[in-house]
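What follows is a set of notes on a single structure, which appears directly below.
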Amino acid sequence: MDKAAMIYQVVAAIPKGKVCSYGEVAKRAGLSGYARYVGHTLKNLPSDSRLPWHRVVNSQGKISFAQGSDGFTRQQQALLGEGVLVIDGKVNMRRFAWHI
DNA sequence: GTGCTGACAAACG
DNA sequence: CCGTTTGCCAGCA
């Protein structure tokens, strides 16, 4: 199984309305320490991919894009659309963090 | 092969 | 809470 494929599986398994950190995704994919690789993989996603990449944030619960950037806005809107509260680019991990 | 970069993370101060 | 430092791994020039 390809590493990228493992990451896709984990990201695709994140329930709607929940979020997960890059490090967590990497761990659940059996790729401990590959947090940065997860970011690299999501960045390379084809535009026609239906992967819920917007449910992945950094360990601080913040969107890993510069505020005001295109990616930032799209991710924030996608999360808000699922009922995830995003304030100042930060997600309330207490309520929306995904854990098995 | 070497060195820098990046949608990261954890530990410090 | 914020900035810095160190550790990580893959991709690219």
Side-chain angles (χ1 to χ4, degrees):
Chain A
M1 187 62 92
D2 196 86
K3 295 189 194 109
M6 302 297 291
I7 293 173
Y8 293 149
Q9 280 194 339
V10 176
V11 175
I14 301 175
K16 185 174 129 187
K18 295 283 184 182
V19 297
C20 192
S21 73
Y22 292 90
E24 280 286 303
V25 171
K27 267 188 179 179
R28 296 195 190 295
L31 301 169
S32 190
Y34 283 61
R36 299 189 85 151
Y37 183 67
V38 172
H40 214 69
T41 302
L42 297 185
K43 181 180 186 177
N44 238 325
L45 278 178
S47 51
D48 61 348
S49 173
R50 282 146 187 66
L51 205 67
W53 56 270
H54 52 272
R55 292 175 193 155
V56 185
V57 295
N58 63 28
S59 65
Q60 308 166 69
K62 294 201 296 188
I63 292 175
S64 295
F65 280 110
Q67 281 190 334
S69 68
D70 185 61
F72 177 91
T73 304
R74 286 202 300 186
Q75 180 165 13
Q76 183 173 230
Q77 290 305 311
L79 290 174
L80 291 174
E82 294 185 347
V84 177
L85 192 58
V86 182
I87 299 174
D88 200 35
K90 291 176 289 193
V91 176
N92 185 329
M93 295 297 270
R94 292 278 203 216
R95 297 179 60 80
F96 303 109
W98 174 55
H99 56 92
I100 299 177

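In what follows, chains are A, B, ... by sequence order, proteins preceding strands, each numbered from 1.
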Distance, P atom - from B/dA7 to C/dG7, rounded to whole angstrom
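That atom pair is separated by 22 Å.
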
_Quick check for you: to the nearest 0.5 Å, what is the distance between A/H40 atom NE2 and A/K43 atom NZ?_
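Answer rounded to 0.5 Å: 6.5 Å.
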
Spacing between [X] atom [atom1] and [N] atom [atom2], to the nearest angstrom:
| X | N | atom1 | atom2 | result |
| --- | --- | --- | --- | --- |
| A/Q60 | C/dG3 | CD | P | 10 Å |
| A/F65 | B/dC8 | CZ | P | 9 Å |
| A/L31 | B/dC8 | CG | P | 17 Å |
| A/K27 | C/dC9 | NZ | P | 14 Å |

Where is the tightest heavy-atom contact between [X] and [Y], given as atom of each residue plus distance?
| X | Y | result |
| --- | --- | --- |
| A/G61 | A/V57 | CA-CG2, 3.9 Å |
| A/A26 | A/A35 | CB-N, 3.9 Å |
| A/C20 | A/W98 | SG-CE3, 4.0 Å |
| A/Y8 | A/T41 | CE2-CG2, 3.8 Å |

Within residues 37-56 of chain A, residues whose heavy atoms come under 4.0 Å of DNA chain B: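 Contacting residues: A/G39, A/L42, A/K43, A/W53.
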
### Message
Short of 4.0 Å, heavy atom to strand atom, which residues of residues 1-25 of chain A count as contacting DNA chain B?
### Response
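Heavy-atom cutoff 4.0 Å gives A/S21, A/Y22, A/G23.
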
Contacts under 3.5 angstrom, residues 65-81 of chain A side chains, donor-acceptor by atom type, not counting sequence neighbours:
unit_1, atom_1, unit_2, atom_2, d
A/Q67, NE2, A/D88, O, 3.0
A/Q67, NE2, A/D88, OD1, 3.1
A/S69, OG, A/A66, O, 2.6
A/S69, OG, A/F72, N, 3.3
A/T73, OG1, A/S69, O, 3.1
A/Q75, NE2, A/H54, O, 2.9
A/Q75, NE2, A/V56, O, 2.9

Can you see if the side chain of A/S64 gets near the phosphate of B/dC8 - specifically, an N or O under 4.0 Å from OP1 or OP2?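 Yes.
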
- Query: Of A/K18, A/K16, A/R55, which is the lone residue that meets side chain to side chain donor-acceptor pair (under 3.5 Å) with A/E82?
  - Reply: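 Single side chain to side chain donor-acceptor pair (under 3.5 Å) partner of A/E82 among A/K18, A/K16, A/R55: A/R55.
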
- [ ] Ignoring the backbone of A/R36, work out which of C/dG7, B/dA9, B/dA7 is nearest its side chain.
- [x]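 From the listed options, C/dG7 comes nearest.
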
- Query: Tell me, do A/I7 and A/Y37 make a side-chain contact under 4.5 Å, heavy atoms counted?
  - Reply: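 Yes. Closest side-chain heavy atoms under 4.5 Å.
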
